[in-house]
*Asks:* 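Let me give you the structure first, and then I'll get to my questions.
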There are 2 protein chains.
Amino acid sequence: MRTGNKTTSKRNLNEPQSISLGAVRSTKESANERHQRIYQVIRERISLLHYPPHTVIGEIELADEFNVSRTPIRRVLQRLQHEGLVDIRSGVGTVVTDIDIKTMKEVYDLRMYLTELISELSPRIISSEHISATEALLNRTKLMYDGPDSEAYGRLCNDLHEVLISLIGSAPLREITDNLYYRSARIWITFLPNLVWSDVIYDQEMETAEIIAAMKRNDIRGVVQVRRYYLHTLLTRISDYLRGVGHATASPMKPIVINSSD
Amino acid sequence: MRTGNKTTSKRNLNEPQSISLGAVRSTKESANERHQRIYQVIRERISLLHYPPHTVIGEIELADEFNVSRTPIRRVLQRLQHEGLVDIRSGVGTVVTDIDIKTMKEVYDLRMYLTELISELSPRIISSEHISATEALLNRTKLMYDGPDSEAYGRLCNDLHEVLISLIGSAPLREITDNLYYRSARIWITFLPNLVWSDVIYDQEMETAEIIAAMKRNDIRGVVQVRRYYLHTLLTRISDYLRGVGHATASPMKPIVINSSD
DNA sequence: AATATAACATCTGTATACAGCTCGGTCAGA
DNA sequence: TCTGACCGAGCTGTATACAGATGTTATATT
């Protein structure tokens, strides 16, 4: 189909072929690296409710922000759609998915079972880096009693999740665990205004401290059991809240206004 | 390909165009439906080794076959890459992934655990359609002793898989189970020439028959335990073959009857 | 003959024009 | 005022030209 008489045969005779670019390699980002970078940025924005549910994300808007065309953006959004975080609607836009309680319950049940699998299938060796990283998270947690800060709490949860999935040796299980986490993580922050802040932080501090203790015993089974217990605790806490407001389920989740003033 | 002409009259003639009844929705295929169709076709080709590992699939080749441009094809291939079935390499092509034994072991371990979860998390009601569909598969199995037919066997396994995942009520678990199946299904067919054909078909017949029996008892726990047992058996058989390559032929597998009374 | 290098064929990655879809606003008519 | 059809702004979906990447082949040099 392409006409053979193009300028490809005599292209770039003017430009020097290459002036030994050995050191400049780091400046160039490969396509896959860029994809991964944009993907993680947008996924974080969704998980931190910077893009709350029902937000319409425009492809052109993102393309301008990341200085690319719509094509790589669409690749990212299609991946996010397949992971259940957005819904691409023709003629409308890319809409951040809502948080459906029933689905969320299923995801949480799955996560609790899979968490136990981590210790049975292919645990990795717990290194001192794991421990020190988790201790840093514990310190960040202790500084958060002062006042509600949903975004900081969300980042804390995400970072703890990152440490824990790095303990999973089985690549498929790691991917699934990661995927399910980001599918369900938003509900924590969504319900945050309805819970007692200091209780939430206390849970987080206890979980982190117990995980560190288990890590120091090199007890990965203990780690995942702690994790599983706190997953259960939070799910129970949210269920209790939902039962408590029972009738007033018109808008169980108010969108949190994240201060995005510019 | 349709340049500016709005009419859909010049569509594919080999596809039966439905006669316009009241609802004419089926005349036009939506973008998502087309994506799903192409995706399933290519995934089946990979699972049946119609595209064996290391096959290079060209985007233009597929685009011509499905009468679309590269854009929708790329969307399908990117999805398959994310699911681990192909590897898209810039400047080279889209390469069907090889079957790595270590990863396959991890996937099989995961599948066995997840299979048990099916009966615990959210089982669906077993309908008569499920039973009759499975009985049809049993009949197909019984006709296959005549001679080795890897492709027919692969289709049989895929169809049985379809029936079983339709019993999963939890959408996330269903997706994960489906994904892991297609990640690992190819290894069955790959090792088929090294196994005794009649033994393989006998296993398949026994598994299907026992699944039907459990279905008729409305015993979904029994269904998944049968499934789990045969997963384990096949994995063991392949492991045995790999350990004893050269001097030991595949040992025939003893069928057992699962006692699923609790 | 062996080897390094340059040219090339062919593939994927990106940008972009345009087609198709959705929804809200607008305006004529009852 | 109400209704309904229509139109247009703005979005996603598709096709395509071109840029970049990669493996191979031809060629020059030793």
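So you know, we letter chains A, B, ... as the sequences are listed, proteins then strands, and number each from 1. Computed from heavy atoms alone, side chains included, the values below leave out hydrogens, waters and symmetry copies. Only a predicted model underlies this, so the values are computations on that prediction, with no experimental measurement involved.
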*Asks:* Could you tell me whether the side chain of B/R70 has a donor or acceptor atom within less than 3.5 Å of a complementary atom in the base of C/dG13?
*Replies:*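 By the distance-only test, yes, there is a pair.
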*Asks:* Strictly below 4.0 Å: does A/S69 bring a side-chain N or O up to OP1 or OP2 of C/dT14?
*Replies:*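 No, because none of the side-chain N or O atoms of A/S69 sits under 4.0 Å from OP1 or OP2 of C/dT14.
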*Asks:* Could you check how far CD1 of A/I60 sits from P of C/dA17, rounded to whole Å?
*Replies:*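 About 11 Å, once rounded to whole Å.
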*Asks:* Do NZ/NE/NH1/NH2 and the carboxylate oxygens of B/D109 and B/K105 come within less than 4.0 Å?
*Replies:*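 Looking at B/D109 and B/K105, the cut-off is met.
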*Asks:* Taking Watson-Crick (N1-N3 plus N6-O4 or O6-N4) and G-U wobble (N1-O2, O6-N3), each under 3.5 Å, can you produce the dot-bracket string of DNA chain D? Use [ ] for crossing pairs and | for inter-strand ones.
*Replies:* ||||||||||||||||||||||||||||||
*Asks:* Testing the basics here: between A/L117 and B/L110, what is the closest heavy-atom pair and its distance to 0.1 Å?
*Replies:*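 Of all heavy-atom pairs spanning A/L117 and B/L110, the closest is CD1-CD2, 4.0 Å.
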*Asks:* If we ignore hydrogens and angles and just use 3.5 Å, is the side chain of B/R45 paired with the main-chain N or O of B/H50 as donor and acceptor?
*Replies:*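 A pair under 3.5 Å: no.
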*Asks:* Grab the CG-C1' distance between B/D87 and C/dT12 for me, whole Å please.
*Replies:*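 Distance, rounded to whole Å: 12 Å.
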*Asks:* Can we say A/E175 and B/R183 salt-bridge, meaning some charged N sits less than 4.0 Å from an Asp/Glu carboxylate O?
*Replies:*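 A salt bridge is present here (some side-chain N lies under 4.0 Å from a carboxylate O).
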*Asks:* Could you check whether B/R89 gets within reach of a base, just the sugar-phosphate, or nothing at all, counting any heavy atom under 4.0 Å?
*Replies:*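 Counting heavy atoms under 4.0 Å across all strands, the contact made by B/R89 is with sugar-phosphate only.
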*Asks:* One thing to verify: whether B/R70 and B/E59 come together as a salt bridge, which I'm taking to mean a side-chain N less than 4.0 angstrom from a carboxylate O.
*Replies:*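 A salt bridge links B/E59 with B/R70.
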*Asks:* Measure up the B/Y181 and B/H161 rings against each other and bin them: parallel (under 30°), tilted (30 to 60°), perpendicular (over 60°).
*Replies:*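 Ring orientation, 0 to 90° scale: parallel.
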*Asks:* Are B/R34 and D/dG13 close enough that a side-chain N or O sits under 4.0 Å from OP1 or OP2?
*Replies:*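 Indeed not, no polar side-chain atom of B/R34 lies that close.
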*Asks:* Rounded to whole angstrom units, what separation is found between the CG atom of B/L62 and the C1' atom of D/dT14?
*Replies:*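 Going from CG in B/L62 over to C1' in D/dT14 covers 17 Å.
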*Asks:* With the side chain of A/V68 defined as its heavy atoms from C-beta on, choose the nearest nucleotide among C/dA15, C/dC21, C/dT12.
*Replies:*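 So the nucleotide nearest the side chain must be C/dA15.
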*Asks:* Check whether B/T97 reaches the backbone of B/G84 with its side chain - one donor and one acceptor, N or O, closer than 3.5 Å.
*Replies:*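 Indeed, once roles are kept as given, a pair shorter than 3.5 Å links the two residues.
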*Asks:* Need one value for A/V56: base, sugar-phosphate or nothing, where a base atom within 4.0 Å counts as base even if backbone is also close, heavy atoms only.
*Replies:*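 No contact at all - A/V56 keeps every heavy atom at 4.0 Å or more from the nucleic acid.
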*Asks:* Given atom NE2 of A/H54 and atom C1' of C/dC23, what is their separation to the nearest angstrom?
*Replies:*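 Going from A/H54 (NE2) to C/dC23 (C1'), I get 18 Å.
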*Asks:* Could you check which residues of residues 91-100 of chain B get a heavy atom under 4.0 Å from DNA chain C? Sort them by number, please.
*Replies:*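 B/G91, B/V92, B/G93, B/T94, in order of number.
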*Asks:* Apply side chain to side chain contact (heavy atoms under 4.5 Å, CB included) to residues B/L49 and B/S150 and explain how you reach the verdict.
*Replies:* CA-CA 9 Å; B/L49 297 187; B/S150 297; over 6 Å; no
*Asks:* Looking at B/E83 and B/R43, is there a salt bridge between them, counting it only when a charged N and a carboxylate O are closer than 4.0 Å?
*Replies:*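 A salt bridge is absent here (no side-chain N lies under 4.0 Å from a carboxylate O).
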*Asks:* Just wondering, more than 12 heavy atoms not from B/R124 lying within 6.0 Å of its CZ?
*Replies:*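 Count over threshold, so yes.
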*Asks:* From CD of A/E59 over to P of C/dT14, roughly how many Å is that when rounded to an integer?
*Replies:*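 Computing the A/E59:CD to C/dT14:P distance gives 15 Å.
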*Asks:* So, are A/K102 and A/E106 salt-bridged, with charged N and O less than 4.0 Å apart?
*Replies:*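 Between A/E106 and A/K102 there is a salt bridge, with a charged N closer than 4.0 Å to a carboxylate O.
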*Asks:* Between D/dT14 atom P and B/F66 atom CZ, what is the distance in whole Å?
*Replies:*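 It is 14 Å, rounded to the nearest whole Å.
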*Asks:* Could you report the tightest heavy-atom contact between A/H130 and A/V163, atom names first, then the distance?
*Replies:*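 Shortest heavy-atom separation between A/H130 and A/V163 comes out as O-CG1, 4.3 Å.
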*Asks:* Using whole Å, report how far CG of B/D64 lies from P of C/dC11.
*Replies:*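 Going from B/D64 (CG) to C/dC11 (P), I get 11 Å.
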*Asks:* What is the distance from CG of A/N32 to C1' of D/dA21, rounded to the nearest Å?
*Replies:*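 The distance from CG of A/N32 to C1' of D/dA21 comes to 12 Å, rounded to the nearest Å.
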*Asks:* Taking DNA chain C as the partner, which of residues 71-85 of chain B come within under 4.0 angstrom of it by heavy atom?
*Replies:*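 The stretch gives B/R74 as the residues lying under 4.0 Å from the strand, ordered by number.
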